[in-house]
Number of protein chains: 4
Amino acid sequence: MARGTSSGSEAGTGQEDRVLEAGQRKGGRPRDATRDTDILEAAREVLAERGYERTTVAEIAARAGAGKATVYRRWATKAELVIDTLTCGASSTITIGDVPDTGSLRGDLAAVRSMKSRDAASWQALVGLISELPHSPELTQVVNERVVGPRAVLMRGLLERAQARGELLPGVNVELLSRVPSAMVAYRLLVTHEPIDREFRRSLSEDLILPLATGRSRD
Amino acid sequence: MARGTSSGSEAGTGQEDRVLEAGQRKGGRPRDATRDTDILEAAREVLAERGYERTTVAEIAARAGAGKATVYRRWATKAELVIDTLTCGASSTITIGDVPDTGSLRGDLAAVRSMKSRDAASWQALVGLISELPHSPELTQVVNERVVGPRAVLMRGLLERAQARGELLPGVNVELLSRVPSAMVAYRLLVTHEPIDREFRRSLSEDLILPLATGRSRD
Amino acid sequence: MARGTSSGSEAGTGQEDRVLEAGQRKGGRPRDATRDTDILEAAREVLAERGYERTTVAEIAARAGAGKATVYRRWATKAELVIDTLTCGASSTITIGDVPDTGSLRGDLAAVRSMKSRDAASWQALVGLISELPHSPELTQVVNERVVGPRAVLMRGLLERAQARGELLPGVNVELLSRVPSAMVAYRLLVTHEPIDREFRRSLSEDLILPLATGRSRD
Amino acid sequence: MARGTSSGSEAGTGQEDRVLEAGQRKGGRPRDATRDTDILEAAREVLAERGYERTTVAEIAARAGAGKATVYRRWATKAELVIDTLTCGASSTITIGDVPDTGSLRGDLAAVRSMKSRDAASWQALVGLISELPHSPELTQVVNERVVGPRAVLMRGLLERAQARGELLPGVNVELLSRVPSAMVAYRLLVTHEPIDREFRRSLSEDLILPLATGRSRD
DNA sequence: TGCTAAGCGAGACGGTACGTCGCGTCTTCGG
DNA sequence: CCGAAGACGCGACGTACCGTCTCGCTTAGCA
């Protein structure tokens, strides 16, 4: 999340403020938390309109009614700001705990599909970051932890739940399988720009995951 | 390919010269075809060293012993040049005709894996283009036709060959399945930056494609 | 002078900032006045070394330790920058007040000749601008107000002082006469590239101005 | 004039062809003399419309219906072409032989003033060359020989004629005086951009030359 | 009459400067 | 000390023009 001086607590996530992460607390005006959200809001707006490359920090700041310094006090680079755009929101990501146990993998997958998520937006914003990743291991790590990681974790959770039920075929490569949906979605959004529609999502479950995991697409 | 005045024949691939693609054929010094290849060569070199974002047109030109104008006479933008980098070469892509019929899908897949291809380089160069795609349908089209398309076509070919042999399960979504390997490779290269090693390629075949297509991963 | 946001006061000389000359005064970091002088300094240096045509804005900026943008924020074109080079400095120009009344026109002229001035430098810098003047009435006006105007004003002042003494012949065309030295100097510097040496300056006074003004070159 | 391979004779004037001035005579198609005049014509046109800096060789060539190579085969640089523009024509320059002896310097000067000449055009074209002169002694020499030289020679001739008549005051600096009109005209055309009208020309004669040369402006 | 070397229109080529724009930092205010 | 505003150093972008080179054609003059 943002690299806030604001506390030192909130923590866990990762980034830091370059200007004295911990300590230095005494005088001065505290950070205005509304600026964070305004800026993220503006960033999402501009990203949606223009895409990463054509988005300028200056415009984000202007739309947020903020100065560039206010932006850079919170995020070290445009890329990091955009990342937070993906996840701050932020309970947008579905976790295994959000998915009711329907009694079958097929049911669980259907349940997930029916849950609204902002994933598409996340992927979209990721588009422009792709080219930054090779230069920045940290960025790569963050993207994987926050954007693609949670999806794989969810998938793995569902597969393990199925395994506990005895649904899984022996010898299924869970690790690999849990990456398939993310990869297919990324492929469409980044490369072919085909839509991620209901039918596509259905066939990911029915034609790929279920047969691989349980050996049958129908019964 | 390049947006050449060169003729009107040469190809049916795509790009054009902004300066009168068709017509005006007569006078003037003809384009020097060696410049095209020198520039593409240099572009590939620099891209490999620096990645898309950190590559400058000026450096490409310099390494090619060319002027910037000579580059821009052929490609309207850096992005278009990089695209041609991906494919002009260009028989790097494996087609169904290159793969001997081994008598089983498993064998065919193994044969493909053992063939060297420049695909990794193509994907690498694609990295920087991802962010340009949403702004340019033509670019998207070209990338799909030349970079990811051929892979899917190859895969579909192998699956159809298997189908002819009677290997395929009924109800297999060939269209979707043929995209899986590309998607998984793209995902690794673009997003997670994990290596595309022998083991990964093996498990793509053995743990994903074969089970989905033929219903068994071993026998 | 520079097209400064700086205020609206500072001067009444001429040029403006393209970005809101008047108005918009409040926020933001103010222009750093030292950059103006550093840049002008560097510009004078490079101009002296290379002449107008071979002077590069990039080099001026580099020598001033500035970015090109900082230069272009202040002057819209190379030509405008060079103009300011001529006059910002700037009390280089001799005015009638600087010349002691020696009691005779001849003495006054000798006094002026003995005063060091940066005129040569001004003319030199003007060289490259000549070709821009026809396209820019403002430029022409500025050049005349700041470079050649002051010389004519000085000359006219001296002639009027002589007239007050009763030295002048009746019917002398003061207006025309006051332009003669400037014209002769310009001619040498711009066209024939002969040096402006002591002898030349002497003969301008003794062989042209004095005979014309007072009717005698010697007594 | 042009640097013609054409002969080696025509001569006298100055420039040469870089490609074998003398020698190599045998085969090949001879230069087409109409191209010279067409190009000069076009050059004059464009120069008049745009001024030196904004004139491009490509446009001159295009208007002349010529190729750039045809231009550069005749003139080594844009500057040299423009110079020829000034003088090829070319009996435009008035020489002492063209001026009838009216019996007095005043009369001779009036006679000269009444003769149409293309001088203004010459000066105009010279405008853009000014900035090239410091870098090219040859250019400077040529300009002086062809543009300003003839004017000074004419003036000196008139003054010498007056001297032969006994009109001249003793101690007149003929050399300097003969440069005054050129200098004043150059000053107006290059620097102040005031028109060279009838009144100005009259006062050059009556208020400057005559008093200086003969000691009286009227009698 | 047919050969040949050069001229010619067209425009590509290697360079180089232009003026613009974006990033991430720094500097002044006022609150 | 925060926050708005925006200037700053840097450096890439894509354009334009210079003077040279190269193509395919045309056009003398010599054989």
Side-chain angles (χ1 to χ4, degrees), chain A residues 5 19 24-32 35 53-59 61-62 64-73 75-79, chain B residues 5 19 24 26-32 35 53-59 61-62 64-74 76-78, chain C residues 5 19 24 26-32 35 53-59 61-62 64-74 76-78, chain D residues 5 19 24-32 35 53-59 61-62 64-78:
Chain A
T5 282
V19 230
Q24 167 248 29
R25 193 132 336 264
K26 59 176 77 110
R29 172 179 176 178
R31 290 249 178 107
D32 179 348
R35 310 323 291 124
E53 299 284 354
R54 315 196 177 210
T55 291
T56 66
V57 175
E59 179 165 10
K68 281 169 59 179
T70 302
V71 175
Y72 280 105
R73 198 171 291 121
W75 294 275
T77 64
K78 181 171 116 172
Chain B
T5 282
V19 230
Q24 169 248 27
K26 59 176 76 108
R29 175 178 178 174
R31 295 267 174 89
D32 180 349
R35 314 320 295 122
E53 300 285 352
R54 310 189 184 225
T55 291
T56 64
V57 175
E59 179 166 11
K68 277 169 59 179
T70 300
V71 175
Y72 281 106
R73 197 173 291 121
R74 289 166 162 72
T77 63
K78 185 169 100 165
Chain C
T5 283
V19 228
Q24 167 250 27
K26 58 177 70 106
R29 176 179 177 176
R31 295 268 174 87
D32 180 347
R35 314 318 295 123
E53 300 286 352
R54 312 191 181 220
T55 291
T56 303
V57 174
E59 179 166 10
K68 278 170 56 180
T70 301
V71 175
Y72 281 105
R73 198 173 290 120
R74 289 167 161 74
T77 64
K78 184 170 101 166
Chain D
T5 282
V19 229
Q24 167 249 26
R25 194 132 336 263
K26 59 176 77 101
R29 174 179 175 177
R31 294 254 176 99
D32 179 349
R35 311 323 293 124
E53 299 285 354
R54 314 195 178 212
T55 291
T56 66
V57 175
E59 180 166 9
K68 281 170 59 180
T70 303
V71 175
Y72 281 104
R73 197 172 292 120
R74 291 164 162 74
W75 295 274
T77 65
K78 181 171 115 171

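In what follows, chains are A, B, ... by sequence order, proteins preceding strands, each numbered from 1.
The nearest heavy atom of DNA chain E to B:Ala66 and to A:Thr56 marks one nucleotide each, and the one closer to the 5' end goes with B:Ala66. Where C:Thr55 and A:Ala69 each meet DNA chain E at their nearest nucleotide, the meeting point lying more 5' is that of C:Thr55. Projected onto DNA chain F by closest heavy-atom contact, B:Glu59 and D:Val57 fall at different nucleotides, the more 5' of which corresponds to B:Glu59. Across the interface with DNA chain F, nearest-nucleotide mapping of A:Gly65 and C:Gly67 shows A:Gly65 to be the residue nearer the 5′ end.
Protein atom CZ of C:Arg73 is 12 Å distant from nucleotide atom C1' of F:dC10, rounded to whole Å. The CZ atom of C:Arg35 sits 12 Å away from the P atom of E:dT27 (whole-angstrom rounding). Nucleotide F:dG6 holds its P atom 15 Å from the CZ atom of C:Arg74, rounded to whole Å. Summarising the geometry, the separation between CZ on D:Arg31 and C1' on E:dA5 is reported as 14 Å, rounded to the nearest angstrom. One can place CH2 of A:Trp75 at 15 Å from C1' of E:dG24, the figure rounded to the nearest angstrom. Atom CD in C:Glu53 sits roughly 11 Å away from atom P in F:dG19 (whole-Å rounding). B:Asp32 has its CG atom 11 Å from the C1' atom of F:dC21, to the nearest Å.
The side chain of B:Thr70 places an N or O atom within less than 4.0 Å of a non-bridging phosphate oxygen (OP1 or OP2) of E:dG14. For E:dG24, the OP1/OP2 oxygens have no side-chain nitrogen or oxygen of A:Lys78 closer than 4.0 Å.
Within the 3.5 Å criterion, the main-chain N or O of C:Thr55 finds a donor-acceptor partner in the side chain of C:Lys78. Although no hydrogens or angles enter the test, the distance criterion places no donor-acceptor pair under 3.5 Å between the side chain of C:Thr56 and the main chain of C:Glu59.
Within 3.5 Å, a donor on the side chain of B:Lys68 pairs with an acceptor on the base of F:dG14, or the reverse. For E:dA6, its base never sits under 3.5 Å from the side chain of D:Arg29 at any donor and acceptor pair.
Here C:Ala61 lies out of heavy-atom contact (under 4.0 Å) with every strand.
No side-chain heavy atom of D:Arg35 sits under 4.5 Å from any side-chain heavy atom of D:Arg73. With contacts defined as side-chain heavy-atom distances shorter than 4.5 Å, the pair D:Glu53/C:Glu53 qualifies.
The shortest heavy-atom contact between A:Val57 and A:Lys68 is CG1-CG, 4.5 Å.
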